[in-house]
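One structure is given here, and the rest of the page talks about it.
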Amino acid sequence: MRERSFDDFDAYAKDYRSIHTRNIKISGADSFYFAEMKVKLLQPWETNTPLKILDVGCGDGITEVYINKYFALWKINAIDISEKSIEEAKTKNIINCDFSIYNGEDIPFADGEFDVVFMAGVLHHIDFALHKNLIREISRVIKSAGRFYLFEHNPLNPVTKHLVNTCVFDKDARLLKSSYTIKLLRGNNFLIMQKKFILFLPRKGILSKFIFLEKYLQWLPFGGQYYIRAVKINQD
């Protein structure tokens, strides 16, 4: 395994949320807010019907708390390379959810097993040389016409760059331009359905009164983060 293949989160597993919240104080919201927001962004496209979902890089499992809140009928498998993070996630005792460790390279599930794959803030913690294999593995385990939701920090946003540069567990992170991420997905049998930029304004203070305008700015490539909704297609 090459040096710095995957960033190590074991040391931060128990205190991840408090560390993250302190780091993003300027945003006007805490770590839980942003985890919940990402799950809520699935609501225009997904319904609370029995589906099987995989969360790649689940960390301490807080995303699963919110998936269970908004999509209670979903059966969740959540994986991470951090043993301590998985231990922390299991303490949450989330219904319809199974947490497990994996090696970061081979996703331990069968071909076409999942209706939905979710991955938030993971690729910038992985060596670029390993990105193609990870997306190839996600493409393998997702069903034909299954949906892939991918969230990443936007390197074109100066506030995002500052927050990453000052966060202890982002010290080795390398951010991905949305054009790079889209090319990566298209090269692995994914059709891009939506690409949206989000988080333009702070969540508290005078400017927060204008958050409702963000829905009109999702085309503008300067939001703090972006997300991509892609659909698995079969190629003959």
Side-chain angles (χ1 to χ4, degrees), residues 6-25 27 29-110 112-126 134 137-138 140-143 146-152 167-170 203 225 227 229:
F6 311 97
D7 290 343
D8 185 1
F9 278 79
D10 277 355
Y12 311 112
K14 286 190 174 297
D15 300 318
Y16 177 88
R17 294 298 156 186
S18 59
I19 295 171
H20 189 217
T21 294
R22 288 196 300 271
N23 177 247
I24 61 174
K25 185 178 180 180
S27 72
D30 62 17
S31 184
F32 299 95
Y33 170 90
F34 293 107
E36 182 173 17
M37 178 205 70
K38 289 179 174 64
V39 175
K40 290 170 71 174
L41 284 171
L42 274 57
Q43 289 184 302
W45 320 110
E46 304 294 341
T47 59
N48 184 27
T49 53
L51 296 176
K52 193 166 185 181
I53 178 175
L54 175 66
D55 182 5
V56 179
C58 64
D60 65 354
I62 196 63
T63 294
E64 282 57 53
V65 171
Y66 295 116
I67 291 175
N68 191 253
K69 175 180 178 180
Y70 294 103
F71 302 100
L73 295 179
W74 286 12
K75 172 67 176 69
I76 311 164
N77 286 96
I79 59 176
D80 202 288
I81 66 167
S82 168
E83 181 178 357
K84 297 297 183 182
S85 295
I86 292 296
E87 289 177 3
E88 186 68 19
K90 287 181 176 180
T91 66
K92 294 177 172 60
N93 297 314
I94 302 168
I95 297 173
N96 292 331
C97 181
D98 181 66
F99 292 102
S100 58
I101 304 166
Y102 88 119
N103 64 10
E105 296 184 351
D106 306 303
I107 295 178
F109 295 100
E113 187 164 346
F114 295 97
D115 301 286
V116 175
V117 174
F118 180 95
M119 186 168 69
V122 172
L123 286 177
H124 65 268
H125 289 296
I126 300 175
L134 177 57
E137 276 290 278
I138 290 172
R140 179 183 65 78
V141 300
I142 199 168
K143 294 178 180 178
R147 285 81 66 199
F148 181 23
Y149 296 90
L150 185 154
F151 293 79
E152 275 295 334
C167 184
V168 63
F169 47 71
D170 283 338
R203 277 23 215 173
Q225 296 183 10
Y227 78 94
R229 176 177 176 263

**Request:** Among L123, N77, V141, L134, find the residue that satisfies the side-chain contact (heavy atoms from CB on, under 4.5 Å) test when tested with V56.
**Result:** L134
**Request:** Examine Y66 together with F32 and report whether their ring centres are nearer than 6.0 Å.
**Result:** no
**Item:** Pairwise distance CG(D80) to OG(S85) - rounded to 0.5 angstrom
**Value:** 5.0 Å
**Prompt:** Does a side-chain N-to-carboxylate-O contact under 4.0 Å join K90 and E87?
**Reply:** no
**Request:** Give me the ring orientation class for H125 and F9: parallel if the planes are under 30° apart, tilted from 30 to 60°, perpendicular past 60°.
**Result:** perpendicular
**Fill in**
Note: D115 and K143 closest approach over all heavy atoms is OD1-NZ, 3.0 Å
**Message:** Is it the case that atom NZ in K52 sees more than 12 heavy atoms from other parts of the structure closer than 6.0 Å?
**Reply:** yes
**Close side-chain approach of Y70 and Q43, heavy atoms under 4.5 Å** = yes
**Request:** Determine whether K38 and T63 make a side-chain contact, defined as any pair of heavy atoms from C-beta on separated by less than 4.5 Å.
**Result:** no
**Asked** Side chains of F71 and L42: does their closest heavy-atom pair fall under 4.5 Å?
**Response** yes
**Prompt:** In this structure, are over 12 heavy atoms from other groups packed under 6.0 Å from K14 atom NZ?
**Reply:** no
**Request:** Verify the distance criterion only: is there a donor paired with an acceptor across the side chains of Y16 and E88 at less than 3.5 Å?
**Result:** no
**Message:** In the structure I gave you, are the side-chain heavy atoms of C167 and I24 within less than 4.5 Å of one another anywhere?
**Reply:** no
**Parallel, tilted or perpendicular: ring planes of F114 versus F109, cut at 30 and 60 degrees** = perpendicular
**Message:** Nearest 0.5 Å, please: how far is OH in Y227 from CG in L150?
**Reply:** 12.5 Å
**Prompt:** Do other residues, nucleotides or ligands put more than 12 heavy atoms under 6.0 Å from K92 NZ?
**Reply:** yes
